[in-house]
Protein chains: 2
Amino acid sequence: MARQDDILELETFLPYRLYHLADLVSREFARVYKDRHGLTRPEWRTLSGLGQCGAMTAKALGEQSAMHKTKVSRAVAELERRRWLTRSPDEKDRRVEHLALTKAGLAAYRDMVPLAKAFERELLARINELDRGALTVALDAVEAALSFTPPDADNEGVAAGDDGRRRVRQG
Amino acid sequence: MARQDDILELETFLPYRLYHLADLVSREFARVYKDRHGLTRPEWRTLSGLGQCGAMTAKALGEQSAMHKTKVSRAVAELERRRWLTRSPDEKDRRVEHLALTKAGLAAYRDMVPLAKAFERELLARINELDRGALTVALDAVEAALSFTPPDADNEGVAAGDDGRRRVRQG
DNA sequence: CCATAATGGTTACATCCGTAACTATCGAAA
DNA sequence: TTTCGATAGTTACGGATGTAACCATTATGG
């Protein structure tokens with residue numbers, strides 16, 4: 001029974017497997033926002049974050065959508081160049097800028113939301129009810145397991161403050 | 001009950017969530033092979049693939065470890081530079097090279113295996129038995145769901161020929 | 001009030017990555 | 001045998017990324 005102990009089976013190695021799956025899914029979804037609007041992933045996340053939350057600071061955006069601050073900075077710069085968002089200075093603290101989508105930005109967001117939901121729906125549709133439940137449980141569990149491991153600060157590795165269990169939208 | 005339908009909740013959006021988790025895990029594990037041997041991910045996968053399978057061609061390596069052929073090419077070049085692997089021409093087909101680890105490469109591999117296993121073990125240890133089961137089921141299910149979607153060929157998106165269900169090593 | 005540290009955000013640089021184009025070889029068909 | 005298309009692998013090039021250094025501003029502590 002004892003598995004060979006000096007060999008690692010890459011195909012079943014959790015970090016590899018998880019990354020590979022995520023990469024496939026993410027790459028496939030990237031086609032949607034790339035083909036449609038020529039967005040990079042950080043740009044898509046920025047659009048999505050602002051669409052969801054309204055005005056935010058760059059810092060808040062980075063925390064909400066798990067992006068390194070340089071990614072945020074660049075994504076914001078690009079969306080600003082497109083006139084999809086505007087910055088407005090904070091009255092109290094002049095280091096801070098509040099970001100918000102313009103009409104054009106909002107339009108792009110509104111265009112993307114149904115596509116994103118459809119993508120997720122179609123992916124989940126290929127998984128049966130039971131396994132979908134397992135997926136939710138599993139994601140929650142791994143997330144919880146990671147949040148025990150403070151990933152030596154700074155950012156990008158922020159497990160986003162635990163505000164209770166997350167659910168994969170069903171159906 | 002009806003969720004707001006013009007807003008996407010990024011934190012629960014499957015592609016985002018999956019990618020973010022995988023990124024955290026992968027990044028954390030990357031510290032192991034990076035700190036220890038200064039390897040990149042493609043280099044680690046190459047080492048791992050060759051350690052696991054013995055001699056392989058670059059093409060087989062790419063399929064086994066889900067890497068684009070340019071990544072394989074570069075990783076192999078670097079490991080060769082370190083004298084961790086050698087190439088030997090195929091007798092029948094002179095386009096093909098067979099790759100194999102040298103003593104030094106094998107030593108590095110043997111050094112990494114226990115670390116990789118320990119990393120996985122410690123991560124899984126933070127997840128209870130039941131959720132671990134759910135994780136296995138979920139990964140299998142998503143993998144299966146993806147293999148329905150032929151990701152327009154070429155490579156990198158190869159869902160590795162389905163040789164039966166995979167299991168996350170338990171314990 | 002001043003010095004120092006912390007914070008929000010940007011930028012420079014080196015590296016990594018994917019697309020596409022390339023070389024070399026092989027197989028098949030004429 | 002010649003030609004043409006596929007295949008193994010490399011490379012050139014532009015774009016994306018992370019680290020670290022940076023600027024400006026604000027908080028802290030004497």
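Here the structure is a predicted model, which means the values were calculated and not measured. Just so we're on the same page: letters track the sequence lines, and every chain starts at 1.
Distance CG (Asp93(A)) to P (dC23(D)): 19 Å, rounded to an integer number of Å. Rounded to an integer number of Å, the gap from Asp23(B) CG to dT17(D) C1' is 11 Å. One can place NE2 of His68(A) at 9 Å from C1' of dT17(D), the figure rounded to the nearest angstrom. Note: CG (Leu39(B)) to P (dT15(C)) measures 16 Å, nearest angstrom. Going from atom CZ of Arg94(A) over to atom C1' of dA27(D) covers 15 Å, rounded to whole Å. Arg31(B) places its CZ atom 15 Å from the C1' atom of dT19(D), with the value rounded to the nearest Å. Between Leu99(A) atom CG and dT10(C) atom C1' there is a gap of 13 Å when expressed in whole angstrom units. Between the CG atom of Leu24(B) and the C1' atom of dG18(D) there is a distance of 15 Å, given to the nearest Å.
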(request) Determine, step by step, whether Phe13(A) and Phe29(B) satisfy the ring-ring contact (aromatic ring centres under 6.0 Å, His included) criterion, reporting the C-alpha distance in whole Å, the side-chain angles of both residues, the deciding distance to 0.1 Å, and the verdict. (result) CA-CA 11 Å; Phe13(A) 184 53; Phe29(B) 179 60; 5.1 Å; yes

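Closest approach of Val25(A) to Phe119(A), counting heavy atoms only: O-CZ, 3.8 Å. Here the closest heavy-atom approach between residue Tyr16(A) and residue Gln64(B) is recorded as OH-O, 3.5 Å. The two residues Val137(A) and Ala134(B) make their nearest non-hydrogen contact at CG1-CB, 3.8 Å.
Under 4.0 Å is where a charged nitrogen must lie from a carboxylate oxygen, and between Glu129(A) and Arg132(A) at least one such pair does. The pair Glu78(B)-Arg82(B) meets the salt-bridge criterion, with a side-chain N (NZ, NE, NH1 or NH2) lying under 4.0 Å from an Asp/Glu carboxylate O. Under the 4.0 Å criterion applied to side-chain N and carboxylate O atoms, Glu63(A) and Lys59(A) are assigned as salt-bridge partners. At a threshold of 4.0 Å, the pair Arg126(B)-Asp131(B) does not count as salt-bridged, since none of the basic side-chain nitrogens sits closer than that to a carboxylate oxygen.
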Look for any protein N or O under 3.5 Å of an N or O in nucleotides 10-12 of chain D and output each such pair with its distance, or none.
residue: dT10(D); atom: OP1; partner: Arg87(B); partner atom: NH1; Å: 2.4
residue: dT10(D); atom: OP2; partner: Ser73(B); partner atom: OG; Å: 2.8
residue: dT10(D); atom: O5'; partner: Ser73(B); partner atom: OG; Å: 3.4
residue: dA12(D); atom: N6; partner: Arg74(B); partner atom: NH2; Å: 2.9

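Taken over five-pair windows at either terminus, the axes of the helix from dC1(C)-dG30(D) to dA30(C)-dT1(D) are inclined to one another by 10° (rounded to 10 degrees).
Using a 4.5 Å cut-off on side-chain heavy atoms (C-beta onward), Leu39(A) and Leu79(A) make contact.
The side chain of Lys71(A) contributes an N or O atom lying less than 4.0 Å from OP1 or OP2 of dG18(D).
Put simply, the side chain of Arg95(A) and the base of dT7(C) share a donor and an acceptor less than 3.5 Å apart.
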